[in-house]
K.L.:
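Got a structure for you, written out below as structure tokens; questions coming shortly.
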Amino acid sequence: MTVIGITACRKLEDYRQSILHVGGEPRTLDSSMAVEAALAGVGGLMLTGGGDVDPSRYGEAPHATFEAAEPGRDEFESALIAAARTRNLPIFAICRGVQILNVACGGTLVQDIPSQIAGALAHSLTVPQHEPYALAHEVWVDKDSLLARLMRERLVDEALEVNSRHHQAVKSVAAGFVATATAPDGVIEAIEDPTARFCLGVQWHPENFFRTGEFRALFEGFLEASSR
Ligand code: MN
């Protein structure tokens, strides 16, 4: 069975379930592990949600809203990304995951969408009744992308409805990557490296849909690439 390394986070269970539901074997990667040991026997790397990447990693001072991730997580995940890319291991990055992936590869982030992007949509719904799998806005998908190929059965005129729980986003896309989905307000919602076997990051939370399968194709495609 193909082992998928999943970076530890506070809401780990939906990521684990999403991998289990497509027939993979999840392994939690904790920042106390050495990178080589963490990736031993792993077929693909999944980067999960969480707090903000330290902006000193892309040369900025922290915005007032900065909320750090767990100590050591930026360093550990950056090292995992470097090692995985050297080996051409498939990478699937979600929410904070796409942000650390972009920064680790040389890109930058919008530190706070509500205060830094005029007219932005509500990307971080916090009303009490908001369910994690409630759809929040659409994204427009580049039709010549891995994301479009995987999601072709759900795309309507190249658009896709997604959930949204983030206050940061990719700003300058890392060299070698392309933005392959944007929200109608211009916020980047997905990036990928077209030269990699499978290297995709999305800003929404497909893992919250494991019960109903709206984004199952992303996990299937990731597992299939990780099994090769
Ligand atoms: Mn969003």
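Note that ligands are numbered from 1 as they come in the structure, with each ligand's atoms numbered from 1 the same way. Since we're looking at a predicted model, the values are computed, not measured.
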K.L.:
Is there an N/O/S atom in S164 at a distance below 2.8 Å from the Mn ion (ligand 1)?
P.N.:
yes
K.L.:
Which pair of heavy atoms, one from F76 and one from A38, lies closest together, and at what distance?
P.N.:
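Between these two residues, the closest heavy atoms are CZ-CB, 4.2 Å.
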K.L.:
When you draw lines from the Mn ion (ligand 1) to ND1 of H123 and to NE2 of H137, what angle lies between them, to the nearest 10°?
P.N.:
90°
K.L.:
Look at R96 together with E77 and state whether they make a salt bridge at an N to O cut-off of under 4.0 Å.
P.N.:
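The answer is yes: the pair qualifies as a salt bridge.
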K.L.:
Tell me the closest heavy-atom pair linking Q168 and Q111, and the distance in Å.
P.N.:
NE2-O, 2.8 Å
K.L.:
Tell me, which N, O or S atom in E189 is closest to the Mn ion (ligand 1)?
P.N.:
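Among the N, O or S atoms of E189, the one closest to the Mn ion (ligand 1) is OE2.
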K.L.:
Under a 4.0 Å threshold between the charged nitrogen and the carboxylate oxygen, would R57 count as salt-bridged to E75?
P.N.:
yes
K.L.:
Of all the N, O or S atoms in H166, which has the shortest distance to the Mn ion (ligand 1)?
P.N.:
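H166's closest N, O or S atom to the Mn ion (ligand 1) is named NE2.
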